[in-house]
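Each remark here refers to the structure printed beneath this line.
Because the structure is predicted, anything quoted here is derived from the model rather than measured.
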Amino acid sequence: MTLTSPHLGSPSVWTDARLLYALEEVVEKELNRHLKVAKDWMPHEYVPWSDGRNFPGLFEDGEAWDKEQSKVTEVGRIALVVNLLTEDNLPSYHHEIATLFGRDGAWGTWVHRWTAEEGRHGIVMRDYLLASRAVDPDKLEQFRMAHMSEGFESDNRHSMLHSVAYVAFQELATRISHRNTGHQSGDPVCDRMLARIATDENLHMVFYRNLLKAAFEIAPDLTMQAVRDVVVNFRMPGHSIPGFERAAAQMAIGEVYNLRIHHDDVLQPVLRFLKVMDIDGLGPEGRKAQEELGVFLGGLDAEAQKFDEKLAARKARMAARAAH
């Protein structure tokens with residue numbers, strides 16, 4: 001199958017509708033590949049139910065929550081709440097991609113399958129958090145209501161191509177965040193659960209990454225501009241969570257997700273796979289976007305280096321205090 005079409009080479013020709021139609025075969029191929037490799041799993045099998053007990057309320061024997069009841073580290077608790085609250089906005093995410101990609105054909109089948117798989121993540125995380133008493137259940141519910149009541153609007157809702165570019169990076173960012181949260185959680189049960197979720201997120205990333213690759217073949221200039229815009233303005237979907245900035249800072253120090261991780265483990269793997277900086281034959285706007293992307297990545301790497309140095313100095317200070 002060839003995806004190049006000389007008479008569609010002008011950016012002015014491409015609309016969201018035409019791009020959706022042009023990429024339909026690729027979506028079908030990637031959907032079939034995904035369904036062959038994705039494994040169904042049972043959320044309840046990852047939850048330590050025997051650790052659970054009643055909370056105060058309808059039950060007279062209810063026991064109030066206390067952080068000492070949990071095995072989870074402080075940074076693990078913070079990251080778990082951020083990750084779960086992000087998953088909680090699934091209805092808004094579904095609405096956005098169903099509106100952009102449609103509910104028919106291969107696109108629609110993917111939208112519904114993705115939503116069903118993502119739904120498991122919120123189910124298992126909330127069940128784990130409550131059964132293991134990793135978080136204050138009252139605060140968790142208050143955060144959920146506040147966050148979901150705000151709704152969610154993607155920065156890229158104006159463009160199907162921008163949305164595909166965004167999720168190619170965001171799905172990998174989510175996978176990395178879940179995986180590192182598990183590593184830093186201090187609880188092997190939590191680590192196993194988040195490793196299972198991370199496997200799903202990686203498959204979702206591969207779907208969108210391969211779709212983005214096909215978009216580069218048929219509309220390289222527009223796709224390059226979309227990638228530049230997304231990378232330069234990237235924000236995680238949970239940025240509107242109450243207290244997100246403080247939580248993000250603590251997750252950065254705790255090495256769950258920070259500038260170095262974002263640059264090395266999220267942006268670079270996708271960009272290298274797509275050979276974005278090596279694409280030639282671009283028009284003026286595409287070349288400009290490619291150059292601006294390169295400049296931005298260089299600046300981000302420099303910022304990450306500064307963060308690395310501050311983190312290393314912080315660790316040295318803490319080690320010196322512990323030695324005394």
Kindly indicate, with the supporting measurements, whether the criterion side chain to side chain contact (heavy atoms under 4.5 Å, CB included) is fulfilled by Lys315 and Met318.
CA-CA 5 Å; Lys315 286 180 178 179; Met318 291 177 70; 5.8 Å; no

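The side-chain hydrogen bond (donor to acceptor under 3.5 Å, both in side chains) contacts involving residues 48-60 comprise Arg53-Glu63, Asn54-Asp61, where partners must be two or more places apart or lie in separate chains.
Under a cutoff of 6.0 Å and an axis angle of 45°, Arg133 and Phe55 form a cation-pi pair. Relative to the ring axis of Phe273, Arg209 places its NZ or CZ within 45° and under 6.0 Å from the centre.
In this structure, a donor-acceptor pair under 3.5 Å is absent between the side chains of His239 and Glu245. Side-chain contact annotation: Ser159 with Asp16, donor-acceptor N/O pair under 3.5 Å absent. Defined by atom type and a distance below 3.5 Å, a donor-acceptor pair is missing between the side-chain atoms of His44 and Asp127. For the residue pair Asn83 and Thr181, a side-chain donor N or O sits within less than 3.5 Å of a side-chain acceptor on the partner. For the 3.5 Å distance criterion, the side chains of Glu96 and Ser92 fail to qualify, holding no donor opposite an acceptor. Side-chain contact of His147 with Asp88: a donor-acceptor pair under 3.5 Å is absent, judged by distance alone.
Tested against Asn202, the residues Arg179, Glu171, Arg175, His178 include a single side-chain hydrogen bond (donor to acceptor under 3.5 Å, both in side chains) partner, Arg175.
Using a 4.5 Å cut-off on side-chain heavy atoms (C-beta onward), Val72 and Tyr128 make contact.
Within 6.0 Å of NE2 in His94 there are more than 12 heavy atoms belonging to other residues, nucleotides or ligands.
The closest donor-acceptor contact from the side chain of Trp14 to the backbone of Ala219 lies at 3.5 Å or more, if one exists at all. Checking side-chain atoms of Arg246 against main-chain N and O of Gly243 turns up no donor-acceptor pair under 3.5 Å. Side chain of Thr223 to main chain of Pro220: no donor-acceptor pair is present (N/O by atom type, distance under 3.5 Å, no hydrogens or angles). Of the possible polar contacts, one joining the Gln69 side chain to the Ala64 backbone as a donor-acceptor pair under 3.5 Å is found. At least one donor-acceptor pair under 3.5 Å links the side chain of Asn233 to the backbone N or O of Asp229. In this structure, the side chain of Ser177 does not engage the main chain of Ala173 through any donor-acceptor pair within 3.5 Å.
In the hydrophobic cluster analysis, where Ile, Leu, Val, Met, Phe, Trp and Tyr join through side-chain heavy atoms closer than 4.5 angstrom, Met160 is grouped apart from Tyr21.
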